[in-house]
2 protein chains.
Amino acid sequence: MSKKSISIKDIAKLAGVSIATVSRVINRNGKVAPETEKKILQVMEENHYVPNLLAKGFRTQKFTTIGIIVPDISIEFFSKIAKKVQTIFFEKGYATIICNTNEDYKMERQCINMLQAQHVGGIIHIVSVTTEKEKKTSIPTVYIDREPAYGNTKKDMVLIESDNVSGGYQATNEMIKKGCKKIICFCPKDKGSTHIKRWDGYCKAMEETGGKPRLVSLDNVSEVDAYEKAIELFGKDKEIDGVFATTDLIAIGVLKALKELKIKVPSQVKVFGYDNSLLSEIATTPIATVEQPIELMSEKAAEMLEKLMDGERPEESHIVVPVKLVKRKTGK
Amino acid sequence: MSKKSISIKDIAKLAGVSIATVSRVINRNGKVAPETEKKILQVMEENHYVPNLLAKGFRTQKFTTIGIIVPDISIEFFSKIAKKVQTIFFEKGYATIICNTNEDYKMERQCINMLQAQHVGGIIHIVSVTTEKEKKTSIPTVYIDREPAYGNTKKDMVLIESDNVSGGYQATNEMIKKGCKKIICFCPKDKGSTHIKRWDGYCKAMEETGGKPRLVSLDNVSEVDAYEKAIELFGKDKEIDGVFATTDLIAIGVLKALKELKIKVPSQVKVFGYDNSLLSEIATTPIATVEQPIELMSEKAAEMLEKLMDGERPEESHIVVPVKLVKRKTGK
DNA sequence: TTGAAAGCGCTAACAC
DNA sequence: GTGTTAGCGCTTTCAA
């Protein structure tokens, strides 16, 4: 295969110095005579020398690789988190390994093992909905978004999430303010902690205003299921004038059903989604939605992970960042 | 930080054998007495021993990590490629490092350096539009989708792409068959080789049928620019009855403009996008589009990369896979 | 069938 | 300022 890459030893020989001196130049520690340094740098340049990070991490036991585990990289919200986290760590000189679990706990376990074998310094983890109950590694880990199942022992778990309860609450309240009398929540309840929290927020808003929470329970997060259940529901119940969907994709499904039933949005029925995805923005009928501060969440997570990797016990282990309503001006 | 992880030496001591024997068990080579093996396996199990892949790769110079470089992981097409490639290699026991370049050649160069320093065995690379002219590494690399700038020396470059020319051609022809007389192409021409090829396909179809190719040149791939240019164009030219957009997002922008101008799709104007993204599927007016075989492209790429890593010179270094039209039934 | 030992590229402690 | 050297976890000859 491609010729063996050139090592510190080769550089030392070519520059006529010892490997220790070359090492000093690479790491900019210890004293080195200016002309020696210049010479070494020149040789490194000429030979396109790239230090072997494997050997370095191996030697120092300092690992400059970070693992990111997501349930599905092709979902906008997760890919944005991964992108941001990666960018942050890249700037700090870390490599990042992004892993997909496809929402499968077996894949998840394998990912963790693999990351452990690769000796990553830390992990940013968005758990899959089928995640296992026990913590499976001693590698410093920060969870984002979804709450791991073993979360009852909160102390030893760092979680960054947005305020899902508040998101559900605010969205629902906004519709109530706009005059909605009968608001339904479309939610896949067994698809992770976040949906449940959004549902809780919805319930809170409803109950505060004397309304009765109503759930359309979905089997998955596709727009198809939402569409079908919406067709059925709106076919028989003409009083509904608001829908809170716990994610944008669901809102899109509902929207399609409403369009087909010739029910006008938002004049007859208001629809709220969740995530401020590209979808919600560019849908021909744009949908109001709840935006999670992805950048902030990623920054917090990176910050916490760095602390963990430095051996610090963070004072707060559960950070909840605020969400923001995104209203849209729509035609009809 | 987390306690030092347990090494082969610890296992050897606990099992009362030498590290060489443990190594043999791990790698299933060399002869080991059954009971010795059993004992060792038991000790490994009890202590949750995970072999240090860093040390292993370091020692053997066999690297079981693959790098994937994409211009923007938050774009559906790229994230799907990354997901598929990662899944394929995961099953073969490789770890994958996914890197974002944000379409920036400086980031790209850094990514390559980093992957080289991490001693990845191979790279799957979707170049950024600002990519540099020279090949920058001797690591086995397979390009997907976009053609690198130094592609004139095709021999030493492996590229997997879908048939963009044919995609443009087929989409345009489809509209011509449906009776369109004046078809316009919306295309960001300086945004990579793929758009240019789609434009070429469009031109071919137009010229074959005696039509004149017309270009609306976009500054970027956002739907905003497409929207604005469409508003202007359709405001003054009422004869246009077809649009070929070189990506779905652009089609969405055009669609918005048409809706605002109360021009009916597809009865008055037909719109074709590209990529069969979720967007095109669930847009309230679904758009016809061209689908690239993402899975197939990923599989081919993985296959070629494995060959390169094994030191084989592949017989064909430029693979073009076919695309498929996705027509939609629409309301109006 | 098993063990001893060299060495992969690098850093850091120590000697000069 | 610079060189020598041990050793990180592992594989792989070579001997026993």
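Each chain gets a letter, A, B and so on, in the order the sequences are listed, and its residues count up from 1.
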Should the pair Glu103(B)-Arg146(B) be classified as a salt bridge under the 4.0 Å nitrogen-to-oxygen rule?
-> yes
Would you kindly give the NZ-to-C1' distance between Lys9(B) and dC8(D), to the nearest whole Å?
-> 8 Å
Closest to the Thr60(B) side chain: dT12(D), dG3(C), dG9(D)?
-> dT12(D)
Whichever of Ser23(A) and Pro34(B) has the more 5' nearest nucleotide on DNA chain C, that residue is Pro34(B)
Using the closest heavy atom to pick a nucleotide of DNA chain C for each, name whichever of Ala20(A) or Phe58(B) lands nearer the 5' end.
-> Phe58(B)
Presence of Ser7(B) side-chain N/O under 4.0 Å of dC8(D) phosphate oxygens OP1/OP2 = no
Nearest-angstrom distance from the residue atom CG of Asn52(B) to P of dC8(D) = 12 Å
Of the listed dG3(D), dT2(C), dC10(C), the closest approach to the Thr21(B) side chain comes from dT2(C)
Check the distance between dA13(C)'s P and Arg24(A)'s CZ and give it to me in whole angstrom.
-> 11 Å
Presence of salt bridge, Glu76(A) and Lys83(A), under 4.0 angstrom = no
Winner on side-chain proximity to Asn29(B), out of dT2(D), dT2(C), dT12(D), is dT12(D)
Nearest heavy atoms of Ala95(A) and Met114(B), plus distance in Å = CB-SD, 3.1 Å
Can you tell me how far P of dG3(C) sits from NZ of Lys13(B), to the nearest Å?
-> 15 Å
Distance-only side-chain donor-acceptor flag, Glu147(A) / Ser193(A), under 3.5 Å | no
Whole angstrom is fine here: how far is it from CD1 in Ile40(B) over to P in dC10(D)?
-> 13 Å
Whole-Å distance separating the CD1 atom of Ile19(A) from the P atom of dT11(C) | 9 Å
Separation of dC10(C) atom P from Asp10(A) atom CG, nearest Å, is 9 Å
Could you give the OH-to-P distance, from Tyr49(A) to dG9(C), as a whole number of Å?
-> 10 Å
Of the candidate nucleotides dC10(D), dG3(D), dT11(C), which contains the atom at the shortest distance from the side chain of Ser18(A)?
-> dG3(D)
Of Gly16(A) and Ala55(B), the one whose nearest nucleotide on DNA chain D sits closer to the 5' end is Gly16(A)
How would you label the contact of Lys56(B) with the nucleic acid (heavy atoms, under 4.0 Å): base, sugar-phosphate, or nothing?
-> sugar-phosphate
Crowding at CD, Glu46(A) (>12 non-hydrogen neighbours, <6.0 Å) = yes
